[in-house]
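We use all heavy atoms of the structure for the numbers below, so side chains are in, but hydrogens, waters and symmetry mates are not. Protein chains get the first letters and strands the later ones, always in sequence-line order, with residue 1 at the start of each.
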Number of protein chains: 2
Amino acid sequence: MDLSERQLQILQAIINDYVENAEPVGSRSIAKKYDLGVSPATIRNEMSDLEEMGYLTHPHTSAGRVPSDKAYRLYVNTLMKKKNLSARDKRLISDRLQASRDEFDATIRHAAELLSEITHLTSFALTPATNEETIAFIRLMPVDERTIILMIVGESGNVTNTTMRLKVPYTQESLDLLSKNMTVTYKGRTLDDVLKSHIIEDVGTDIEALSSLRGNVMPGFLRTLEDMLNVNLYMEGMTNIFNLPEYSSIDRARDFMQLFAQKDWFTQKMLQRADGVVVTIGDENTKMKDCSLITATYHVDGKLVGKLGVIGPTRMKYDEVTSLMEYLTNNLSESFRLPDGKDDE
Amino acid sequence: MDLSERQLQILQAIINDYVENAEPVGSRSIAKKYDLGVSPATIRNEMSDLEEMGYLTHPHTSAGRVPSDKAYRLYVNTLMKKKNLSARDKRLISDRLQASRDEFDATIRHAAELLSEITHLTSFALTPATNEETIAFIRLMPVDERTIILMIVGESGNVTNTTMRLKVPYTQESLDLLSKNMTVTYKGRTLDDVLKSHIIEDVGTDIEALSSLRGNVMPGFLRTLEDMLNVNLYMEGMTNIFNLPEYSSIDRARDFMQLFAQKDWFTQKMLQRADGVVVTIGDENTKMKDCSLITATYHVDGKLVGKLGVIGPTRMKYDEVTSLMEYLTNNLSESFRLPDGKDDE
DNA sequence: GATTAGCACTCTGACTAAGCGAGTGCTAAC
DNA sequence: GTTAGCACTCGCTTAGTCAGAGTGCTAATC
C-alpha cells in the first residue's frame with residue numbers, strides 16, 4: 001500500500017511546516033504555502049487517508065494534523081535529502097576544531113559544543129571506547145617512601161595512572177623488575193582481555209621479594225585498567241530545550257533532564273548503538289519516547305571508535321542534523337588520523 | 001534597634017513554617033501551631049513591625065508574610081542551632097565513603113552524591129585546587145618512533161600526562177636527559193609559579209641535541225601544567241529542584257539550569273569563596289539572587305583544599321545542611337589524611 | 001500601655017460561561 | 001476525482017463570580 005506522489009508531497013509539506021512551527025498544520029495553510037495545485041478540501045481528503053495509514057495524528061477533532069513517528073521514519077528513510085552546510089558553519093567548525101587539535105578530549109568536547117550551537121539542541125560526545133586497546137607497557141614509579149605511581153600505556157598512546165600507597169616498603173629495583181614483569185605478561189593484550197582473565201594468577205612470581213609488592217599493586221592495577229576502560233561523556237546545550245515549545249511544561253523538561261542524570265546508564269546505551277549515522281525516532285527509543293536521537297561515529301587512527309550525538313524532540317530538522325553530523329565526524333576522524341596515527345613515516 | 005525576645009520567637013516561627021511549607025504564613029496559623037501565649041492580633045502587630053524592619057515581606061495585601069533574605073541572614077548568624085545527623089544518615093555516609101576510599105575522585109563525587117541525596121537539593125564537589133602543588137619530577141617516555149608521553153608528578157602524588165607527537169626523532173638518551181634537566185629546573189616549584197614565569201627561557205640548553213627536542217616538548221609541557229591546574233567539578237541532583245514549588249515555573253527552572261551550563265565560570269566563582277562553611281543568601285550572591293549557596297572546604301593531607309557545595313532556594317534548612325556539610329567535610333579530610341599523607345611512618 | 005476581639009477590606013485562585021478562531025467532515029455540485 | 005459551502009467541534013481566552021485566607025484598623029479590655 002504505497003503512497004501516491006501527491007500524498008508524499010502533502011506529507012512532506014506537513015512535516016516541513018510542523019518542524020518549523022511546532023503547531024498542528026491545517027489543510028488551508030498547506031494549500032496556501034505550498035503550490036500543489038489542489039484545494040484545501042482535496043488536501044483534507046488526502047490527510048484523512050494519511051491519518052488512516054498512521055502517518056498523521058490528530059490532537060483533537062478541530063485541530064490540524066501532526067506527523068507521527070512513522071511519518072518521520074519515512075521522511076528520514078526516503079524523503080529527506082542531504083543538506084550542504086552553510087559557509088559560516090563550515091568556518092565555525094574548522095576554526096574551533098583547529099584550535100584544540102592537539103588536545104584530544106578538548107577537541108571532542110568542542111565538537112559537541114559545535115553540535116549544540118549549530119542545531120540549538122542538546123548534544124553529547126563520547127571519547128572512544130578503549131576495550132580494543134592493547135597494552136604497550138606498564139611502569140611503576142616512586143613518589144615517596146610508601147607511595148608509588150602505576151602507569152599503564154596503551155599502544156594507541158592512551159595513558160592512565162593511579163597513585164597508590166603501599167603497605168610494604170619497596171626498592172627501585174623491585175619496582176623496575178615488577179614493571180618489566182607485568183609488561184612482558186600483558187603487552188599486546190587488550191584491556192578487556194586482561195581485566196577478564198583473573199590476572200592475579202597470571203603474573204609469574206619467580207622472585208620471592210616481588211610477591212608481596214605484587215600483592216599490593218594488583219588491586220590498584222585492576223582499578224586502573226577499569227579506569228582506562230571508562231569513556232568520558234561530554235554533554236552540551238542541555239538548557240537549549242527550554243526554548244522549545246514541546247518542553248514548556250515543567251514535567252516534560254524534568255523528564256528530559258533526568259535522562260542525563262544517570263550518566264552511566266546513558267553512556268552504556270549510547271555505546272551499544274551501531275556505527276555510522278543512526279537515527280532513532282520517538283517510540284523506537286527505550287526511554288525518551290518523545291525524543292529523537294541521532295548518533296554518529298568518528299574514528300581515531302582508523303581504529304578506536306567514539307560517538308557524537310544529538311537529542312531533541314521528534315520534530316527535528318533531520319536533514320540538517322544528519323548532514324552536520326556526517327560532516328563533523330568526518331572532520332574529527334581526519335583530525336585524529338595524523339596526531340595519533342602511524343602513517344606518516 | 002534590637003529585636004525583642006518575642007519578635008525573635010515569631011520570626012523563628014515564621015521561618016520554620018515557611019521553610020516547611022513554602023507558603024506565606026499568616027498570624028493565625030502561627031498562633032495556633034506555636035504556643036506563644038498571644039493572640040493572632042498581637043502577632044499581626046509584631047509582624048507589621050518586623051516587616052518595617054525588613055525581616056518580612058508581603059506578596060500582596062491579603063497574604064501571609066514571607067521571610068526576607070535579611071531574616072535568613074539573622075537566622076543563620078544567631079538563631080540557628082547545630083543539628084545532629086540521624087543515625088541513618090551517618091551510616092549512609094560512612095558506607096558510601098568507605099567504599100571508594102582509595103579512589104580519590106570517586107570519593108569526592110560520592111560526597112557530592114550524598115549531599116544531594118540527603119538534602120534533596122543540588123550539590124557539587126570540586127577536587128582540590130593544585131596551584132600550591134609543587135613539582136616532584138618530570139618524566140618523558142617513548143611510545144613509538146615519533147610519539148612520547150610527558151608526565152608531571154607533584155609532591156602530593158598528583159599526576160598528569162599528555163601524549164604528544166614530535167616533529168623530530170628522538171633517542172632514549174635524549175629523553176632521559178631532558179627529563180632530568182627539566183626535573184632539576186622545576187623540582188620544588190609550584191605549578192602556578194612555573195606556568196607564570198615564561199619558562200621557555202628557563203631550561204638550560206647546554207647540550208645541542210636537546211635543543212630541538214626541548215622546543216618540541218615545551219608547548220605540551222605548558223599544556224600539561226595547565227591541565228594539572230584544572231580542578232574537576234562534579235554536579236549532582238540538578239533535577240531535584242524540579243520538585244520544589246519555587247521552580248515550578250519554567251523560567252525559574254531554566255535560569256537555575258543555565259547557571260551550571262557555564263561550568264568554568266561556576267568553578268571559578270566557587271574557588272574564590274572563603275574557606276570553612278560559608279553561607280550566602282539570595283541577594284548576597286552575584287547571580288542566582290533567589291538561591292542560597294553553602295560551601296565548605298575539605299583538606300587533603302592537611303594542605304590542598306577542595307570544596308563541597310549545596311545550592312537551593314533561600315527557603316532552605318540551613319541548620320541541617322550546614323551541620324551535614326560540616327560532618328561530611330570533616331569525614332573527607334579525615335579520609336584523605338592517611339592515603340596521601342606522610343604522617344604514619 | 002499592651003493586648004485582644006471584631007469587622008471591613010483586599011487579594012488570590014478556582015470555577016463558570018460566553019465568544020472567537022481554526023479546522024475538520026460531510027454533502028452536494030462541478 | 002475535485003471542489004465549494006456549511007454545520008459542527010474543540011480549545012483558548014476573557015470576563016465575571018464566589019469562597020477563603022489574611023490583613024489593618026478601631027474600639028474595648030486587661
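A salt bridge between Asp251(B) and Arg254(B) is present, with a side-chain N of the basic residue lying under 4.0 Å from a carboxylate O of the acidic one. The pair Glu246(A)-Arg315(A) meets the salt-bridge criterion, since a charged nitrogen lies less than 4.0 angstrom from a carboxylate oxygen. Salt bridge status for Lys33(B) with Asp17(B): present, with a side-chain N to carboxylate O gap under 4.0 Å. Between Lys82(A) and Glu326(A) there is a salt bridge, since a side-chain N of the basic residue sits under 4.0 Å from a carboxylate O of the acidic one. Between Asp290(B) and Arg252(B) there is a salt bridge, since a side-chain N of the basic residue sits under 4.0 Å from a carboxylate O of the acidic one.
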What string of B, S and - do you get for nucleotides 6-12 of chain C 5' to 3' if you count protein non-hydrogen atoms under 4.0 Å?
B---BBS
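Counting to the nearest Å, the C1' atom of dG23(C) and the OH atom of Tyr18(A) are 16 Å from each other. Atom-to-atom, CD of Glu46(B) to C1' of dT23(D) comes out at 16 Å; the value is rounded to the nearest Å. The CZ-C1' distance, from Arg65(B) to dG22(D), rounds to 9 Å in whole Å. In this structure, Asn21(A) atom CG and dA22(C) atom C1' are separated by 15 Å, rounded to whole Å. Remark: P of dG11(D) and CD of Glu23(A) are 15 Å apart, rounded to the nearest angstrom. Remark: P of dA21(D) and CD1 of Ile43(B) are 17 Å apart, rounded to the nearest angstrom. Atom CG of Asp49(A) is separated from atom C1' of dG25(C) by 13 Å (rounded to the nearest Å). Rounded to whole Å, atom C1' of dT24(C) lies 10 Å from atom CD of Glu51(A).
Nearest-nucleotide assignment on DNA chain C puts the 5′-proximal partner with Val38(B), out of Val38(B) and Ala63(A).
Tyr247(A) has its ring centre no less than 6.0 Å from the ring centre of Phe242(A). Phe260(B) has its ring centre less than 6.0 Å from the ring centre of Phe266(B).
Of all nucleotides listed (dT24(C), dG24(D), dT2(D)), dT2(D) comes nearest to the side chain of Thr42(A). Comparing dT23(D), dT3(D), dT24(C) by their closest approach to the side chain of Asn45(A) singles out dT3(D). The side chain of His58(A) sits closest to dG25(C) out of dG25(C), dA5(C), dT23(D).
Between Tyr318(A) and Tyr72(A), the ring planes lie tilted relative to each other; the angle falls in the 30° to 60° range.
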N/O contacts under 3.5 Å, protein versus nucleotides 27-30 of chain C?
none

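Within the structure, every side-chain polar atom (N or O) of Arg28(B) is placed at least 4.0 Å from both OP1 and OP2 of dT23(D).
Taking the side chain to side chain contact (heavy atoms under 4.5 Å, CB included) definition, one finds that Asp264(A) meets it with nothing, sequence neighbours left out.
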